[in-house]
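Both counts, for ligands and for their atoms, begin at 1 and track the order of listing. All of these numbers come straight from a predicted model, not from anything done at the bench.
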Amino acid sequence: MKIGLVQLMVTDDKEKNLRKAEKFVRIAAEDGADMVVLPEIFNCPYDNAYFRDFAEEKFGETWQRLSRMASDNKVYLVGGSIPVLNCGKLFNTGYVFNRQGDEIHEHSKVHLFDVNIEGGVRFMESETFSPGTTFGVFDTEFGKIGMGICFDIRFSEEWLKMEEMGAIMCVVPAAFNMTTGPAHWELTFRGRALDNEMFMVGVGPARNMDMSYHAYGHSIITSPWGEVVDQLGFDEEVKVVDIDLSLVKKIRDQLPIVNKRRENEG
Ligand SMILES: NC(=O)CC(=O)C(=O)O
C-alpha cells in the first residue's frame, strides 16, 4: 500500500490552504498513492482565535472539495481535520473518503488538547471545541484502518480498542508543536505501533513561523515492529511511502502480543 503524506504549511487564507491541498493530493496520486493523509486543522490556523470564523457545517465547501480530491484522483483521502459547526457546537472533525469520493468515516477528536507546560506550550482546545464521543475503524481493500486526531494518540486504550475492532493500521492527522514534538512525537507513534503490532501514520502541518502555533511537522510512519519507516522534517513536503501490510500478520504470528492479552482476574 502506498501512503501519501501531505505535510502542508497552513496559513490564515482558507482558499490558499484548500488549493494547496488539492495540488498536493494530485501530486501524491500521480506518484502512485493509494491513500493520502492531510494534517489536523489543515484549512485554518491552529489557534482558538480562528476556529469559529473558519468553521463550516458538514457538507460545506471543504467537505465538497475533499470529496472531489478523492474522486478526481481515485485515492482514499483522510482529509485531515477541520473546525466543524454542529448544532451550535464546534468540533475538530476529520472525514475519510473512498476512491469514488464517498464519505466512509468521520471522527471528531475525542481527547481535546488542554495543556499548560511550564516554559513551553499552553493551549486550551476546550475553550472552543467540544469533544467527540466515538472512535472506530473503516474498511478498505487493504484491511480495516482506524483513526484518531492528534492528542488522541496519547491515550493508549483508544488504539487498543481499534486494534480489537480489527485495525491493521491507524491514521492520525496531528499538529504537535515545538515543545511536545521533540519530546513525544516519535515515541508515541512507535509506542502505539508496537503496543498493537500495526502501522501508525501521523501527518502534521509544516512549521509556519508567521502563525502563533509552531507546528513540529515530522510526519511519520511507524511499523508493527515499532520502527520508523519514514519521517519528514519541519518543511512543507509531499511524500509517498510504500508499506508492506503483510508485516502485520507476520509480526503478530512471530511475537504474539495482540492475541495473547489476558484480563485481570483478581
Ligand atoms: N494538536 C494537539 O492535539 C497537540 C498534541 O497532541 C500534543 O501532544 O502536542
Just checking His107 against Phe135, ring centres under 6.0 Å apart?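 Distance test on ring centres: not under 6.0 Å, no.
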Does Arg190 pair with Glu227 as a salt bridge, N-O distance under 4.0 Å?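 A salt bridge is absent here (no side-chain N lies under 4.0 Å from a carboxylate O).
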Pairing of Glu163 and Arg261 as salt bridge, 4.0 angstrom limit: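 Yes, this pair counts.
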Run the side chain to side chain contact (heavy atoms under 4.5 Å, CB included) test on Phe189 and Val201 for me, step by step, so that the C-alpha distance in whole Å, both residues' side-chain angles and the decisive distance to 0.1 Å come before the verdict. CA-CA 8 Å; Phe189 276 90; Val201 178; over 6 Å; no
Please say which of Val203, Val25, Val10 ends up in a side chain to side chain contact (heavy atoms under 4.5 Å, CB included) with Leu38.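 Testing Leu38 for a side chain to side chain contact (heavy atoms under 4.5 Å, CB included) against Val203, Val25, Val10 leaves exactly one candidate, Val25.
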I'd like to know whether NZ of Lys58 has more than 12 heavy-atom contacts from other residues, nucleotides or ligands below 6.0 angstrom.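 Yes, enclosed.
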Just to be sure I understand the cut-off, which residues have at least one non-hydrogen atom under 4.0 angstrom from an atom of ligand 1?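 Only Glu40, Tyr46, Lys109, Phe113, Cys150, Phe151, Arg154, Ala175, Phe176, Asn177, Thr180, Tyr213 have heavy atoms that fall under 4.0 Å of ligand 1, ordered by chain and number.
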